[in-house]
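Notes follow once the structure below has been shown.
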Amino acid sequence: MRILIIEDDESVRGMVARMLRAEGYDPIEAGDGRAGLEIIENQATVDLVISDILMPVMEGLETLRYIRAHYPEMRIIAMSGGGQFGPEYCLDLARRLGA
C-alpha cells in the first residue's frame, strides 16, 4: 500500500512517516497540497492520502476537493489542529468532502 502524507509541519509529517515505517509501510511525503497532487499525478500509485487541512500554498480542503473530483475511489484521512476554529470545524468540512 502506497501512503502519501501531506503536511506542512515537518515535525508532524516526520512523526506520521516514522509511525507508518514502524508498521512496515514506505510513505511518500509532501509539504503542501500542490506538492501532494504532483506526486499523485506524476509518480507511483497512491492508495491512501493522509492530509492536513490548514496548509500554505494549497490548503487541505482544496486538495481534498481535487482528489475527490479526479480520483473518487482514493481513500483519504484528514487531520488538523484546527487553527483558530478548532479541529472539529475543519474535520467536519473534510468529512463532507469524503475524507
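- The CZ atom of Arg65 sits 12.0 Å away from the CD1 atom of Ile67 when rounded to the nearest 0.5 Å.
- In this structure, Glu7 CD and Met79 CE are separated by 4.5 Å, a value rounded to the nearest 0.5 Å.
- Between Gly33 and Thr63, the shortest heavy-atom distance links the atoms CA-OG1, 3.2 Å.
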Query raised in the report: After noting the C-alpha distance and the side-chain angles of Asp47 and Arg75, does the key distance pass the side-chain contact (heavy atoms from CB on, under 4.5 Å) rule?
Result: CA-CA 7 Å; Asp47 301 301; Arg75 292 177 284 174; 4.1 Å; yes
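- Summarising the geometry, atom CD1 belonging to Ile39 is positioned 5.0 Å from atom CG belonging to Leu4; distances are rounded to the nearest 0.5 Å.
- Arg18 contributes a side-chain N or O that, together with a main-chain N or O of Gly14, makes up a donor-acceptor pair within less than 3.5 Å.
- Separating the CE atom in Met1 from the OG1 atom in Thr45 is a distance of 12.5 Å, to the nearest 0.5 Å.
- Using a cut-off of 4.0 Å between Lys/Arg side-chain N and Asp/Glu carboxylate O, Glu29 and Arg21 are scored as salt-bridged.
- Residues Leu64 and Ala78 share a closest heavy-atom pair of CD1-CB, 4.4 Å.
- Between the OG atom in Ser51 and the CD1 atom in Ile77 there is a gap of 11.0 Å [rounded to 0.5 Å].
- Exactly one residue among Ile5, Ile50, Asp52 makes a side-chain contact (heavy atoms from CB on, under 4.5 Å) with Arg13. That residue is Ile5.
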Report task. Could you please spell out the steps behind the side-chain contact (heavy atoms from CB on, under 4.5 Å) verdict for Glu23 and Met19? Result -> CA-CA 7 Å; Glu23 295 299 320; Met19 290 170 44; over 6 Å; no
Requested in this report: Test Val49 against Ile6 for side-chain contact (heavy atoms from CB on, under 4.5 Å), laying out the working first.
Outcome: CA-CA 7 Å; Val49 172; Ile6 306 174; 3.8 Å; yes
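- Checked by atom type and distance alone, the side chain of Asp32 never pairs as donor or acceptor with a backbone atom of Val57 at under 3.5 Å.
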Report task. Evaluate the side-chain contact (heavy atoms from CB on, under 4.5 Å) criterion for residues Leu37 and His70: first the C-alpha distance (whole Å), next the side-chain angles of each, then the deciding distance (0.1 Å), finally the verdict. Result -> CA-CA 10 Å; Leu37 292 180; His70 294 89; over 6 Å; no
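- The structure places CD of Glu41 at 4.0 Å from OH of Tyr71, a figure rounded to the nearest 0.5 Å.
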